[in-house]
Number of protein chains: 2
Amino acid sequence: MNLPSTIQAFVLHFGEMGSRWGINRTVGQIYALLFLSPEPLCADQMVEALDISRSNVSISLRELQAWNLVLLKHLPDDRRDFFTTPGDVWQILRTLAEERKKREVDPTLSVLRAILMEEPQTPQERHAQARMAEMHGLIKQLTTWYDDVKGLETARLAMLLSMGRKISRLVEGADKVVSLGRSRPRRETD
Amino acid sequence: MNLPSTIQAFVLHFGEMGSRWGINRTVGQIYALLFLSPEPLCADQMVEALDISRSNVSISLRELQAWNLVLLKHLPDDRRDFFTTPGDVWQILRTLAEERKKREVDPTLSVLRAILMEEPQTPQERHAQARMAEMHGLIKQLTTWYDDVKGLETARLAMLLSMGRKISRLVEGADKVVSLGRSRPRRETD
DNA sequence: CAGAAATTTCAGAAAATTCTGAAATCTACG
DNA sequence: CGTAGATTTCAGAATTTTCTGAAATTTCTG
């Protein structure tokens with residue numbers, strides 16, 4: 001591997017983090033390399049830059065495509081496949097969220113749904129199902145929120161983030177403001 | 001393994017998902033077992049229930065403690081260590097978020113910070129640093145939001161989730177409402 | 001259609017991880 | 001203290017994952 005030191009540091013870091021992120025070292029390194037590259041790269045350039053086998057690159061690119069994390073490009077008058085990452089980091093975030101949900105959350109949700117259909121046979125199972133129902137409920141809340149929020153344009157999403165917990169106060173206050181606006185009398189329990 | 005079928009299904013599922021979640025099969029199974037159990041369990045009960053070695057249980061419990069996902073309990077007149085998971089699933093979520101951030105995000109943030117301190121030596125490095133700056137900026141936004149929101153009480157957090165993208169409209173509308181409240185004249189750009 | 005260029009497949013090697021059994025260590029209590 | 005019960009450590013076995021090189025396949029071009 002013969003890369004400028006800052007690029008090398010980033011690539012090696014992504015390789016090391018790969019396993020924590022659910023990908024392997026090579027996949028992480030290739031992704032990092034593509035993310036930093038000003039123009040698309042072909043497989044042989046990755047072999048050269050990362051000092052790994054051609055077949056490893058092929059398999060890793062397939063993996064990155066399964067994650068929708070890379071784009072295949074074709075240059076005019078060149079038969080080779082070139083790859084890039086999407087330019088917009090928000091788009092990358094959306095893809096990552098979607099794919100991780102698909103791999104890490106959805107299977108559990110579906111197992112929980114199936115188990116919760118069963119009739120508990122013992123007090124032990126009854127208690128276990130109650131726990132699973134709690135977990136199922138929480139995951140449902142999170143995924144419903146996610147499905148709702150992921151449709152926002154980036155500017156609004158960014159605004160939501162920047163507000164953070166201030167929104168909480170706004171929400172608590174909103175009822176008051178709105179009711180004032182509508183001149184609806186407040187109830188004790190508001 | 002001789003468990004009621006619904007419990008067994010859940011435990012096996014957690015074992016299978018373990019590797020995707022950054023833990024291993026045994027750690028996943030033990031966690032699942034503890035989560036469903038109505039009372040704390042000692043190591044030998046886990047050996048019995050999951051049909052694994054005592055040493056494996058010991059190491060896996062250490063791992064779960066490192067994640068802050070289990071609590072150590074002591075029963076009166078019993079020298080053995082008993083373990084449970086926290087009862088509140090929202091608390092579990094908070095722990096999970098904190099620990100995953102620590103393992104999956106913080107190291108990258110710190111590498112990015114370090115690299116961005118360097119002076120780029122070539123146009124290639126200049127471009128790479130610009131990309132890394134984008135990534136750093138996005139992660140910062142996300143972690144700042146997280147640090148802000150994690151301090152909310154659960155009820156408010158749940159409310160925020162249930163509002164989802166509706167909050168976006170509320171935020172966009174808030175300026176209007178508030179300015180009406182304050183009788184501030186609206187500008188064209190509002 | 002022949003063949004050159006590019007990519008993919010896959011069996012087995014290499015490496016990393018997980019798990020076990022045996023020994024060592026710790027701890028409470030008589 | 002001594003010892004019995006409980007837990008931890010750790011070397012090596014078992015398993016899983018990752019990687020390679022060689023062969024097969026696909027795809028474009030003349």
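Chain identifiers are assigned alphabetically (A, B, ...) following the order of the sequence lines, protein sequences preceding nucleic acid strands; residue numbering begins at 1 within each chain. None of these values were measured; they are calculated from a predicted model.
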A:Asn56 side-chain N/O to D:dT18 phosphate OP1/OP2 under 4.0 Å: no
Most 5' of B:Ser55 and B:Arg79 on DNA chain D, judged by nearest nucleotide: B:Arg79
Any A:Ser58 side-chain nitrogen or oxygen under 4.0 Å from OP1 or OP2 of C:dT8: yes
Interatomic distance, B:Ile52 CD1 vs C:dT18 P [rounded to whole Å]: 14 Å
A:Phe82 CZ - C:dT7 C1' separation (whole Å): 14 Å
Short side-chain N/O contact to D:dT17 OP1/OP2 from A:Asn24, under 4.0 Å: no
Polar side-chain atom of B:Ser60 near backbone of B:Asn56 as donor-acceptor pair, under 3.5 Å: yes
Touch class at under 4.0 angstrom, heavy-atom based, for A:Asp44 against every strand present: nothing
Pairwise 5' ranking along DNA chain C for A:Leu61 and B:Val57, keeping only the more 5' one: A:Leu61
Pair B:Arg25 + B:Glu16, salt bridge at N-O below 4.0 Å: no
Spacing between B:Met46 atom CE and D:dT8 atom P, to the nearest angstrom: 11 Å
Sugar-phosphate, base or nothing in reach of A:Thr26, heavy atoms under 4.0 Å: sugar-phosphate
Toward the 5' end of DNA chain C, by each residue's nearest nucleotide, B:Asp51 or A:Gln65: A:Gln65
Nearest-angstrom distance from the residue atom CZ of A:Phe83 to C1' of C:dA6: 11 Å
Nucleotide nearest A:Arg62 when distance is taken to its side chain, options D:dT20, C:dT8, D:dT18: C:dT8
Spacing between A:Arg54 atom CZ and C:dA5 atom P, to the nearest angstrom: 15 Å
Distance, rounded to the nearest Å, where B:Arg25 contributes CZ and D:dT15 contributes C1': 9 Å
Donor on one side chain, acceptor on other, A:Thr154 and A:Arg94, under 3.5 Å: yes
Taking distance alone, no hydrogens or angles, what donor-acceptor pairs closer than 3.5 Å link side-chain atoms of residues 1-12 of chain B to residues at least two apart or in another chain?
| residue | atom | partner | partner atom | Å |
| --- | --- | --- | --- | --- |
| B:Thr6 | OG1 | A:Glu125 | OE2 | 2.6 |

Whether A:Trp21 and A:Phe14 hold their rings parallel, tilted or perpendicular, with breakpoints at 30° and 60°: perpendicular
Whole-Å distance separating the CG atom of A:Leu72 from the C1' atom of C:dT7: 12 Å
Nearest-angstrom distance from the residue atom CZ of A:Arg80 to C1' of C:dA4: 14 Å
